[in-house]
Amino acid sequence: MRLIMYYQPVVSMRDGVASCQGVIGFEALIRMAHPQRGILTPAVFAEALDHPRLARRIGCFVLDAVLAQGEQWHRDGLPLRMSMNISARHLLDPEFLNDLRTVLAAHPDIAPEMCEIEVTESAPMLDFPRAQETLLVCNDLGLRIALDDFGTGSASLSYLQKLPAQTIKVDQSFVRNILNDPRDFAIVAGVMTTANMLGLDVIAEGVETIGHLQLLETLECHAMQGYLFAKPMPAGEVPAWVNNFNHLDYRSNSSTTAQNSAEYNE
Ligand code: C2E
Ligand code: CA
Ligand code: CA
């Protein structure tokens, strides 16, 4: 059994915003390659990701694998932002910042500004002062911070006020229902207004249809991630996917093209 990273694009629907032809970057998502069962998603091994003895080892593997991959793409002329999910246990580990410095030093060809760590509410809920201090140092090192699954926890707004963050990822549970639940639409609209006033970027997660895309755009949410664009893919498929991506394919009269591109893999 082996751990590998898949990558899912975060795209911009606006001209000239993202550096790579409308692609802002990729979120790295861990997979387990099982000899009999094939490629397994974290749902099958979720406990391991936050396990006392495994979280740091897996976290270090992820940091190193993703920065090595990002460094390669940058050398190949693909300046993509690399986003990584950090478990609460690793973020709060006394060695986390050393691990981060070590891995940044080992991959000098990717700027820390092109790296983003995604954190959920679980770390600040366990130890707020340590999470806050650690994230401040991450910012000092140049890394961006994204608050993941935003809106699902109980303290999202207060964390927004107190944690250093550059990006909010609106949880897919809200995005999925914006078309038919006015309450979820109102929540996403509220997050957009708040984020704009605070100068934060917003990424809508779980964008699955053109209808979702269009409604998000009416809310001025232009950065998106979801199966509409692509499912997570092996690293080898990324360069061709980036080259083929054109946000104009997702305009109303080209919806067929967009639907086809979602069947890319996995
Ligand atoms: P997450 O960070 O919220 O990642 C987004 C999840 O939503 C991914 O599931 C992705 O494949 C899925 N997704 C993306 N777009 C869509 C969509 O349009 N529709 C639907 N239904 N799903 C979509 P995945 O890869 O199974 O990962 C699940 C969770 O496991 C992640 O949620 C994250 O919390 C955790 N995880 C993944 N990779 C890592 C890692 O390297 N380290 C750690 N600590 N946790 C990870
Ligand atoms: Ca994430
Ligand atoms: Ca998420």
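Counting convention: from 1, in listed order, for ligands and their atoms alike. Model, not experiment: these values are computed from the prediction.
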Donor-acceptor contact below 3.5 Å, side chain [X] vs main chain [Y]:
X	Y	result
Arg89	Asp50	yes
Gln132	Pro124	no
Glu71	Asp109	yes
Asn243	Pro239	yes
Glu208	Tyr227	no
Asn85	Ala28	yes

Is it the side chain (CB and beyond), the backbone, both or neither of [X] that lies under 4.0 Å from ligand 1, heavy atoms counted?
X	value
Leu228	neither
Leu49	side chain
Leu29	both

So if I count the atoms of ligand 1 from 1 in the order they appear, which ones are less than 4.0 Å from some heavy atom of [X]?
X	answer
Glu205	3 (O)
Pro232	11 (O)
Val62	41 (O)
Val207	18 (O)
Thr41	26 (O)
Ser87	44 (N)
Asp149	3 (O)
Glu27	2 (O), 4 (O)

Can you tell which of [options] gets a heavy atom nearest to [atom]?
atom	options	answer
atom 41 (O) of ligand 1	Ile30, Leu91, Val119, Ile58	Ile30
atom 21 (N) of ligand 1	Lys231, Glu208, Met224, Lys169	Glu208
atom 15 (N) of ligand 1	Gln8, Met5, Gln225	Gln8

(request) Considering only NZ, NE, NH1 and NH2 on the basic side and carboxylate oxygens on the acidic side, decide whether Lys169 and Glu118 come within less than 4.0 Å. (result) yes
(message) Taking Asp184 first and then Arg176, would you say they form a salt bridge - that is, a charged N and a carboxylate O separated by under 4.0 Å?
(response) no
(request) Take the angle between the ring planes of Phe26 and Trp73 and call it parallel below 30°, perpendicular above 60°, tilted in between. (result) tilted
(message) I'd like the atom name of the N/O/S atom in Glu27 lying closest to the Ca ion (ligand 2).
(response) OE2
(message) Please check whether Arg31 reaches ligand 1 - meaning an N/O of the residue sits under 3.5 Å from an N/O of the ligand, judged on distance alone.
(response) yes
(message) Pairs of nitrogen or oxygen atoms closer than 3.5 Å, one from Gln172 and one from ligand 1: do any exist?
(response) yes
(request) Please check if any side-chain donor atom of Asp149 sits under 3.5 Å from a side-chain acceptor atom of Gln172, or the reverse. (result) no
(message) Just verifying a value: how many Å separate Arg251 CZ and Leu213 CG, rounded to the nearest 0.5 Å?
(response) 6.5 Å
(message) Measuring from atom CG of Asn244 to atom CD of Glu237, what distance do you get when rounded to the nearest 0.5 angstrom?
(response) 11.5 Å
(request) Start with the C-alpha gap between Ser87 and Arg56, add the side-chain angles, then the distance that decides, and say whether side chain to side chain contact (heavy atoms under 4.5 Å, CB included) holds. (result) CA-CA 8 Å; Ser87 69; Arg56 180 168 170 233; over 6 Å; no
(request) Run through the side-chain heavy atoms of Ile, Leu, Val, Met, Phe, Trp and Tyr, join any pair under 4.5 Å, and report what else lands in Met197's cluster. (result) none
(request) Pull up every protein N/O/S atom sitting under 3.0 Å from the Ca ion (ligand 3), skipping waters. (result) Asp148 OD1, Asp149 OD1, Glu205 OE1, Glu205 OE2
